[in-house]
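Notes follow the structure.
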Amino acid sequence: MAKTQLNVRVDEGTARAARERALARGMSVNRYIEELVRQDTGEVGQTFVEAAADFMKQYEAVFAEEFAGEDEGLREGRR
């Protein structure tokens, strides 16, 4: 994917916080800001939901077998 340069002005406290957070996550400030924007626009969340749905489809039978009958026990008051 092609990258576009974007210049922003923020106060020193915000810049310091961005640098510290990026460093703590082991990434560049650029990558940190890029991920924040993706999260804010829902791109990351949507990807997670799609991956979780795919996982559940793939392993539905395994879960059904593993937990078969447990919901009946809960309805009867057994926990």
Mind checking side-chain contact (heavy atoms from CB on, under 4.5 Å) for [X] and listing every partner two or more places apart, or none if nothing turns up?
X   : value
R21 : R25, Y32
F55 : Y59, F63
E20 : R16
L23 : none

- Within one Ile-Leu-Val-Met-Phe-Trp-Tyr cluster: M56 and V62, side-chain cutoff 4.5 Å: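 Yes.
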- Task: Keeping the roles fixed (side chain from T14, backbone from V10), state whether a donor-acceptor pair exists under 3.5 Å.
- Result: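 No; judged by distance alone, with no hydrogens or angles, the pair does not exist.
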- Residue pairs passing the salt bridge (charged side-chain N to carboxylate O under 4.0 Å, His left out) test where at least one lies in residues 3-14, sequence neighbours excluded: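 Qualifying pairs, neighbours excluded: K3-E34, E12-R19.
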- Sequence neighbours excluded, every pair satisfying side-chain hydrogen bond (donor to acceptor under 3.5 Å, both in side chains) that has a member inside residues 48-58: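 Sorted result for residues 48-58: Q46-E50.
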- Item | Partner of E35 under side-chain hydrogen bond (donor to acceptor under 3.5 Å, both in side chains), chosen from Q39, R38, R31 |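 Exactly one pass, corresponding to R31.
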